[in-house]
Amino acid sequence: SARDIFRSARRWAAFRIPDAKEALRVGDALTNDIIANAELGTLTISRQSLRGQQVYYALSIECRDGGYRVAISNLR
């Protein structure tokens with residue numbers, strides 16, 4: 001059901017987003033939608049250098065009976 005998918009998506013986000021309480025500010029149990037702001041650390045290794053960078057993004061998860069849709073936006 002959409003409710004089960006919503007709970008699973010919220011649980012996934014809580015364990016995968018470092019500051020989930022802050023990131024999951026918008027979650028609507030009536031519409032089963034979750035909107036999160038998150039960041040992802042990347043690391044590039046070459047023979048000459050080691051470089052880290054943060055990628056910030058917005059994540060929207062829409063839960064419906066039988067499935068869900070994930071949209072990633074505002075990449076920076």
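FYI, side chains are in, hydrogens and waters are out, and symmetry mates aren't considered; it's all heavy atoms of this structure. Residues: numbered from 1 along the sequence shown.
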Taking all heavy atoms of Ala9 and all of Cys63, pick out the closest pair and write down the distance.
CB-SG, 4.2 Å
For residues 63-72, pull every pair meeting side-chain hydrogen bond (donor to acceptor under 3.5 Å, both in side chains), keeping only residues two or more places apart or in separate chains.
Asp33-Arg64, Glu62-Arg69
CZ-CD distance between Arg76 and Gln54, expressed to the nearest 0.5 angstrom
11.5 Å
For the CG atom of Asn32 and the CZ atom of Arg7, what is their distance to the nearest 0.5 Å?
9.5 Å
Do Phe6 and Ile34 make a side-chain contact, defined as non-hydrogen atoms from C-beta onward lying under 4.5 Å apart?
yes
Within a strict 4.5 Å, meaning less than it, do heavy atoms of the Thr44 and Gln53 side chains meet?
no
I'd like to check the side chain to side chain contact (heavy atoms under 4.5 Å, CB included) partners of Ser46; sequence neighbours left out, ordered by chain and number.
Gln48, Ser49
Taking only residues two or more places apart in sequence, or in another chain, which ones meet Tyr57 in a side chain to side chain contact (heavy atoms under 4.5 Å, CB included)?
Ala38, Leu40, Leu59, Ile72, Leu75
Shared hydrophobic cluster for Val70 and Val55 (ILVMFWY, side-chain gaps under 4.5 Å)
yes
